[in-house]
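Worksheet: the structure to be examined is printed underneath.
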Amino acid sequence: MTWEKAVEARRDEMSHPVGIRLIESVLSKQSAVILSGDVPSTKDLIYLIEQVHPWIAAVKTHVDCMDGDGEWSEVIACCQEKGLPIMEDRKFADIGAISHHQMLKGWNIAGWADAVTAHGISGPDIIDGLQDAWTVAGRDGGVVLLAQMSSRGNLVEKRLTEPVVEMGSVHESVIGYIGNGSDPQAIARLREIVGDSQLILTPGIHPDGGDGKRGQRYGSPDAAIEAGADMVIIGSAIYKDAQPAEMAKKCAAATLNGFERRAHG
């Protein structure tokens, strides 16, 4: 089986329109890389997307970390022009009513994000609150729950993985889960728990692996995909490289190799 057939099979297992769109982006871009745009300003982010967009399938943002040197609408327009879904990594964790307001007020996340990340610690009402905000905005959106984390000493993997997946498995708005990209065995365990109808997206990815700053750990993109991830989230490996486009291209190729190995595993 080729990587295309493997990815097409994953698309056919999706039911949520945003999940389908993400996998179709993997096919069209020939890349399972989500760019983590953790750069200082909107201008920097737009410049980075302009450089690497042929080799990424989506963009992950932290809108509240951007310096105000440009309009956020310009970032949205850039992603739309390049055909890139946006996942806002807000990590919502409040009660459903507050999360609902956070989606609609301030940055109006419901108006432009195709997916958002959220913790499950406050219970299933948070999912309803987020989804209701997209309904108000008249858009489709998907929730990605944190089932694992790649930082050392995190409590999510120790205590919350299975309860979070159990909660998300019965809610049609949950399109997938954040997994621990630094540990292929952890990804494989998560895939066993999740099954095939939802996505696994993994940060903690760097082509060279190893440890980063402030407790971050890294695994390789091909190993993460082979272990069961659908897409990998890569930031510093790309935007800190002297040639970001070449690094993005390298990472994209690695993800396809991962799908090939998974197909023949």
Side-chain angles (χ1 to χ4, degrees), residues 14-23 25 34 36-38 42 45 58-68 71-80 84-149 154-156 159-179 190 194 197-203 230-231 233:
M14 300 295 107
S15 58
H16 193 285
V18 174
I20 294 170
R21 185 184 174 196
L22 284 168
I23 295 300
S25 188
I34 299 174
S36 184
D38 302 328
T42 53
L45 181 53
V59 175
K60 181 181 79 71
T61 59
H62 285 288
V63 65
D64 55 354
C65 292
M66 293 282 104
D67 288 338
E71 294 292 334
W72 186 250
S73 60
E74 295 175 11
V75 175
I76 300 168
C78 180
C79 290
Q80 290 175 342
L84 297 168
I86 302 174
M87 180 171 72
E88 168 58 22
D89 195 8
R90 179 62 175 75
K91 296 184 177 72
F92 290 93
D94 217 311
I95 63 172
I98 296 300
S99 297
H100 177 83
H101 289 306
Q102 288 173 326
M103 284 280 283
L104 292 168
K105 306 297 184 180
W107 291 102
N108 186 29
I109 294 170
W112 49 266
D114 300 291
V116 297
T117 57
H119 286 283
I121 193 168
S122 61
D125 288 346
I126 190 173
I127 305 170
D128 294 323
L130 297 172
Q131 182 55 57
D132 288 347
W134 272 306
T135 300
V136 171
R139 302 181 64 244
D140 289 321
V143 179
V144 180
L145 295 176
L146 272 77
Q148 296 174 331
M149 294 184 73
N154 77 83
L155 300 180
V156 174
R159 302 180 183 180
L160 297 177
T161 297
E162 292 190 18
V164 163
V165 173
E166 182 179 357
M167 181 173 68
S169 66
V170 296
H171 206 300
E172 62 182 11
S173 296
V174 177
I175 63 171
Y177 305 89
I178 296 294
L190 182 59
V194 169
S197 62
Q198 293 170 303
L199 301 171
I200 294 177
L201 315 177
T202 57
D230 295 293
M231 302 177 77
I233 301 168

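These figures come from a predicted structure and were not determined experimentally. Side chains included, hydrogens not; waters and symmetry mates left out as well; all remaining heavy atoms used.
- Separation of atoms NE2 (His16) and CD1 (Ile20) is listed at 9.0 Å; rounding is to 0.5 Å.
- For Thr161, the side-chain hydrogen bond (donor to acceptor under 3.5 Å, both in side chains) criterion is met by no residue, not counting sequence neighbours.
- Close placement of the Trp72 and Trp112 rings is indicated, their centers lying within 6.0 Å of each other.
- In this structure, the side chains of Tyr177 and Val164 come closer than 4.5 Å at one or more pairs of heavy atoms.
- Side-chain N/O atoms of Ser36 and Lys60 include a donor and acceptor closer than 3.5 Å.
- By the 4.5 Å heavy-atom criterion applied to side chains, Val116 and Ile109 are counted as neighbours.
- Surrounding CD1 of Ile76 are more than 12 heavy atoms belonging to other residues, nucleotides or ligands, all under 6.0 Å away.
- Every residue meeting the side chain to side chain contact (heavy atoms under 4.5 Å, CB included) condition with Ala118, not counting sequence neighbours, appears here in chain and number order: Phe92, Ile126, Leu130, Val143, Leu145.
- Rounding to the nearest 0.5 Å places CH2 of Trp107 at 9.0 Å from CE of Met66.
- Under the rule for a side-chain hydrogen bond (donor to acceptor under 3.5 Å, both in side chains), Ser122 has no partner lying at least two apart in sequence or in another chain.
- Interatomic distance, OG1 of Thr117 versus CG of Asp89, reported as 3.5 Å (0.5 Å rounding).
- Using a 4.5 Å heavy-atom threshold, the side chains of Leu160 and His119 count as separate.
- Summarising the geometry of Gln198 relative to Gly168, their closest heavy-atom pair is NE2-O, 3.2 Å, with the distance given to 0.1 Å.
- Contacts of Asp140 classified as side chain to side chain contact (heavy atoms under 4.5 Å, CB included), with partners at least two apart in sequence or in another chain: Pro17, Val18.
- The salt bridge (Lys or Arg N to Asp or Glu O under 4.0 Å) check on Arg21 picks up Asp114, with sequence neighbours excluded.
- Residues meeting the side chain to side chain contact (heavy atoms under 4.5 Å, CB included) test with Glu74, sequence neighbours left out: Ile46, Glu71.
- Pairs of residues two or more places apart, or lying in two chains, never qualify as salt bridge (charged side-chain N to carboxylate O under 4.0 Å, His left out) while including a residue from residues 92-105.
- Within the model, atoms CG of Leu22 and CE of Met14 stand 10.0 Å from one another, a figure rounded to the nearest 0.5 Å.
- Every side chain to side chain contact (heavy atoms under 4.5 Å, CB included) that Leu84 has, sequence neighbours left out, goes to Lys29, Ile49, His53, Ile56, Val59, Cys79, Lys82.
- For the pair Ser197 and Ser15, the minimum side-chain heavy-atom distance is 4.5 Å or more.
- Nearest heavy-atom pair across Ala133 and Met103 is CB-CB, 3.4 Å.
- At least one side-chain heavy atom of Lys91 sits under 4.5 Å from a side-chain heavy atom of His62.
- Using a 4.5 Å heavy-atom threshold, the side chains of Gln102 and Ile98 count as touching.
- Residue pairs meeting the salt bridge (charged side-chain N to carboxylate O under 4.0 Å, His left out) criterion with at least one partner in residues 123-136, sequence neighbours excluded, do not occur; the list is empty.
- Not counting sequence neighbours, Gln148 has no partner by the side-chain hydrogen bond (donor to acceptor under 3.5 Å, both in side chains) test.
- The shortest distance between side-chain heavy atoms of Ile233 and Ile178 falls below 4.5 Å.
- Rounding to the nearest 0.5 angstrom, the gap separating the CD1 atom in Ile34 from the OG atom in Ser25 is 9.0 Å.
- Listed by chain and number, the residues in a side-chain hydrogen bond (donor to acceptor under 3.5 Å, both in side chains) with Ser173 are Gln131 (sequence neighbours excluded).
- Heavy-atom contacts from other residues, nucleotides or ligands closer than 6.0 Å to CZ of Arg139 number more than 12.
- Rounded to the nearest 0.5 angstrom, Met231 CE and Met87 CE are separated by 8.5 Å.
- Looking at heavy atoms from C-beta onward, Ile23 lies in side-chain contact with Leu199 at the 4.5 angstrom threshold.
- What you find for Ile121 and Ala93 is that their closest heavy atoms are CG2-O, 4.4 Å.
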